[in-house]
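No hydrogens, no waters, no symmetry mates; every other heavy atom, side chains included, goes into these values.
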Amino acid sequence: MDKTTDCPYPGCFFCVMKEGNPSKRRASILKFFRELPSQDDNGQVLPISGLWNTAMAHPNDPEFIELGIFECMAALIWKGLKNRRWLSHDQNIYIPYYAAHIIGSYTMNMEEFAERAVRAGVIPPLIELLRGRLTWVEQRVALRALGHLATYASTFPTVASHAEILELSIQLAMSSLEIVYSHFYQDIDRRLSYHCDLLTRGMGGVEMESRKAEEWASQLQCWALQLINCFAFKPEFLPAICKPEFLVKLPGMWGGLVNENSPAGIGLLRTICHHKIGRGAVASCPGIVEALCNIARSSDDWQYMAIDCLLWLLQDPNTSHKVVDEAVPALVDLSEITALGDHKKLGDSIVNVLEECIQSQATGPNSLNSRTKEHIEDLLSSRQRLKWEKNMPKEDLHIKQAASLVVKLEGNSLFSSGDIAGAASKYSEALQLCPMRSKRERAVLYSNRAQCYLLLQQPLAAISDATRALGLHTPLNRHAKSLWRRAQAYDMLGLAKESLLDAILFINECSQSNDPDLSLRPNKVPDYAERLVKKQMRAAWLFREAATKHGGVRGEGDSHAIYGQESDDSEWETASESDIADDGRDEMDEDDENENEWKNKDERKEKALKKDIKRGKHLPLLEDEP
């Protein structure tokens with residue numbers, strides 16, 4: 001040890017770490033871990049925070065594991081729980097948080113470390129933190145640590161032997177956002193100072209505290225879902241998990257934009273649908289299949305998980321008849337996707353499952369309704385058409401493609417003149433002519449027809465066509481105009497999260513696009529898209545439900561505030577009002593002066609559509625060329 005340094009603290013951890021003799025260093029560290037929980041000296045938080053930094057930086061280093069760090073951390077958590085006087089002294093309030101975090105860091109990668117932690121008795125004190133014996137901040141790190149312990153085959157049984165862990169995790173998954181909002185976010189003056197310090201490391205103001213609180217609240221929910229997911233792989237725990245009041249909330253647990261790397265609720269639903277018990281519960285829960293269809297059509301990283309759920313539900317004879325009418329339209333829209341995630345031939349898998357459905361449910365009490373049957377038959381016909389076209393002469397295919405282009409241009413002309421229904425009909429005709437292998441051209445036709453359906457106030461049809469265009473496009477789900485059209489359609493249906501995700505992807509595509517329609521400004525981010533994103537960020541805000549319930553008191557600098565009632569949305573434009581190139585001038589044509597002469601609603605709507613098209617609204621423009 002360095003003899004030139006006179007440290008006033010005998011056995012100081014930082015002095016111990018400087019010891020040059022390996023044997024003496026190990027002996028001193030061992031002694032330090034054994035004695036620390038029984039000491040009441042000031043400044044104990046300093047070595048604990050140092051250990052926290054070491055655990056974060058070197059989680060696979062076995063040195064401290066072998067010398068008793070888990071036993072030390074468990075004892076410190078117990079001390080904080082049992083001795084409130086010690087906890088409130090000096091800065092000891094930080095210690096249980098750091099101790100639980102250290103346990104989680106050292107167990108996230110190494111199963112042998114997790115086994116040592118379980119033998120050291122870390123689970124009981126972590127459960128006490130999970131119960132909320134301290135605050136939501138400690139609950140968060142307890143969930144993290146227990147989630148890591150539950151991922152290993154050797155340590156899961158010990159975690160599962162404490163039945164309350166699953167129950168508490170389910171409760172936290174459902175209530176975590178409200179807990180963080182009401183206990184921290186809502187009232188600035190009541191925020192605990194050590195919470196603020198932990199959130200921002202002492203380097204942020206009120207606004208940063210609020211943003212970090214949103215991120216931590218999302219993590220609290222997502223880590224609870226991750227822990228539940230470990231239980232969901234075991235059929236014996238599914239009855240406890242598959243309660244309708246919990247299942248119905250899972251599609252809405254998406255992690256928000258602050259935690260986009262977590263599969264959250266859809267990840268748990270996918271695990272649940274692996275087993276017949278779970279599939280039965282999901283199929284019987286109102287609203288879940290519709291939500292799965294929305295996620296399956298989305299362009300986020302977890303799209304494939306929702307598709308898996310729908311396919312498994314359809315393949316199960318006990319659930320297929322309950323979900324088929326809702327699931328089929330979504331899957332048909334996705335049937336031309338070639339590869340997604342681990343699926344190398346996703347479209348083929350969808351077609352095979354739907355073909356089995358039509359064969360198994362052709363007759364009997366659970367037979368398909370006519371609309372669902374028509375969807376599947378149209379899909380199978382298009383696959384047959386693709387086979388026929390492979391044997392056609394190239395000249396014939398070129399003729400078909402040329403004919404399709406002529407009809408498309410007729411559709412564009414009708415669109416420009418205000419005959420939106422006629423344009424949609426022409427695009428449908430062009431799709432029948434266009435060769436199946438001409439994916440780029442067909443994507444344009446579907447996207448153009450989606451625009452027509454938007455103007456005709458048919459958002460479901462617009463979503464369907466935009467989704468088909470995105471599935472045909474290369475790269476997958478990156479056709480900017482289709483993303484924007486679907487974002488508008490979702491907005492018309494009040495699906496804020498789905499609209500937000502598509503609008504953000506649209507902006508990302510605009511920033512990289514050379515298309516003159518999409519780069520009207522130097523920064524290539526259209527004003528109308530920014531406005532929609534801001535609107536949907538407010539509507540899909542992570543704390544929205546909690547804020548509405550608790551009166552929507554906002555903190556200083558909070559851009560997401562809700563005041564108990566819905567804020568005035570008059571500035572936000574609906575899908576039939578959003579414009580891309582409107583310069584703000586209130587242009588008038590001859591028809592405007594004679595508005596009173598229009599006699600019925602349909603004629604007034606047609607007039608408004610013509611005016612919008614003339615002013616450049618409802619863009620991105622139709623694509624004349626693929």
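Checked for salt-bridge contact, Asp316 and Lys276 miss the test: no charged N lies under 4.0 Å from a carboxylate O. Using a cut-off of 4.0 Å between Lys/Arg side-chain N and Asp/Glu carboxylate O, Asp325 and Arg371 are scored as not salt-bridged. A salt bridge links Glu389 to Arg385: at least one charged side-chain nitrogen sits closer than 4.0 Å to a carboxylate oxygen. The existence of a salt bridge linking Arg211 and Glu214 is excluded, since no basic side-chain nitrogen approaches an acidic carboxylate oxygen closer than 4.0 Å.
The aromatic rings of Trp312 and His274 sit tilted relative to each other, their planes meeting at an angle between 30° and 60°. The aromatic rings of Tyr528 and Trp484 lie perpendicular to each other, with more than 60° between the two planes, well past the 30° mark. Taking the six-membered ring where the residue is Trp, Phe543 and Trp541 present perpendicular rings, their angle passing 60° and hence far from 30°.
At distances below 3.5 Å, not a single donor-acceptor pair connects side-chain atoms of Ser320 with backbone N or O atoms of Pro317. In this structure a side-chain-to-backbone donor-acceptor pair under 3.5 Å is missing from Ser413 to Glu410. Remark: side-chain polar atoms of Ser262 are not paired, donor with acceptor, to backbone N or O of Asn259 under 3.5 angstrom. For the pair Arg442 (side chain) and Leu472 (backbone), a donor-acceptor distance under 3.5 Å is absent. With Ser298 contributing its side chain and Ile295 its backbone, the two residues share a donor-acceptor pair below 3.5 Å. Between the Glu215 side chain and the Val258 main chain, no donor and acceptor come within less than 3.5 Å of each other. A donor-acceptor contact shorter than 3.5 Å links the side chain of Ser416 to the backbone of Asn412. Between the side chain of His343 and the backbone N or O of Lys345 there is no donor-acceptor pair closer than 3.5 Å. Side-chain atoms of Ser511 come within 3.5 Å of backbone N or O of Asn508 as a donor-acceptor pair.
Atom CG of Asn229 is separated from atom SG of Cys222 by 11.5 Å, given to the nearest 0.5 angstrom. Rounding to the nearest 0.5 angstrom, the gap separating the CG atom in Leu334 from the CG atom in Leu340 is 8.5 Å. Separation of atoms CG (Leu313) and CG (Asn318) is listed at 11.5 Å; rounding is to 0.5 Å. The distance from the CG atom of Leu269 to the SG atom of Cys285 is 9.0 Å, given to the nearest 0.5 Å. From His375, atom NE2 reaches atom SG of Cys357 across 13.5 Å, with rounding to the nearest 0.5 Å. Between atom NZ of residue Lys373 and atom OG of residue Ser367 there is a gap of 8.5 Å, rounded to the nearest 0.5 Å.
Residues Thr474 and Lys439 form no side-chain contact, since every pair of their non-hydrogen atoms from C-beta on lies 4.5 Å or further apart. Residues Leu177 and Met253 are not in side-chain contact: their nearest non-hydrogen atoms beyond the backbone lie 4.5 Å or more apart. Side-chain contact between Val332 and Pro329: absent, with no pair of heavy atoms (C-beta onward) separated by less than 4.5 Å. Side-chain contact check for Trp302 versus Trp254: every heavy-atom pair is 4.5 Å or farther apart.
A pairwise comparison of heavy atoms in Pro526 and Phe506 identifies CG-CE2, 4.3 Å as the closest pair. Here the shortest heavy-atom pairing between Ile272 and Leu250 reads CD1-CD1, 4.0 Å. Across Pro251 and Ala291, no two heavy atoms sit closer than the pair CB-CB, 3.5 Å.
One side chain, Ser284 or Lys322, offers a donor N or O that lies under 3.5 Å from an acceptor on the other. For the 3.5 Å distance criterion, the side chains of Thr372 and Asn369 qualify, holding a donor opposite an acceptor. Under the 3.5 Å distance criterion, with hydrogens and angles disregarded, a donor-acceptor pair is assigned to the side chains of Gln401 and Ser438. Defined by atom type and a distance below 3.5 Å, a donor-acceptor pair is missing between the side-chain atoms of Tyr490 and Asn294.
Sparse packing is recorded around CD of Glu290, with 12 or fewer heavy atoms of other residues, nucleotides or ligands lying under 6.0 Å away. A 6.0 Å sphere centred on CE of Met208 holds no more than 12 heavy atoms belonging to other residues, nucleotides or ligands.
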What side-chain donor-acceptor pairs closer than 3.5 Å can you find for residues 496-503, not counting sequence neighbours?
from, atom 1, to, atom 2, distance (Å)
Ser499, OG, Ala487, O, 2.8
Ser499, OG, Gln536, NE2, 2.9
Asp502, OD1, Arg486, NH2, 3.1
Asp502, OD2, Arg486, NE, 2.6
Asp502, OD2, Arg486, NH2, 3.4

Distance-only check: which donor-acceptor pairs under 3.5 Å involve side-chain atoms of residues 428-435, not counting sequence neighbours?
from, atom 1, to, atom 2, distance (Å)
Ser428, OG, Ala424, O, 3.1
Ser428, OG, Arg449, NH1, 2.7

Please report the C-alpha distance between Arg468 and Glu336 in whole Å, then the side-chain angles of each, then the deciding distance to 0.1 Å, and finally whether the salt bridge (charged side-chain N to carboxylate O under 4.0 Å, His left out) criterion is met. CA-CA 8 Å; Arg468 292 186 181 212; Glu336 293 194 78; 5.8 Å; no

Apply salt bridge (charged side-chain N to carboxylate O under 4.0 Å, His left out) to the pair Asp465 and Arg485, showing each step before the final yes or no. CA-CA 10 Å; Asp465 272 6; Arg485 287 159 184 165; over 6 Å; no

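Paired with Ile463 under the rule side-chain contact (heavy atoms from CB on, under 4.5 Å), one option of Met492, Arg297, Gln458 passes, and it is Arg297. None of Asp348, Val353, Asn352, Leu346 except one satisfies the side-chain contact (heavy atoms from CB on, under 4.5 Å) rule with Ile350; the exception is Leu346.
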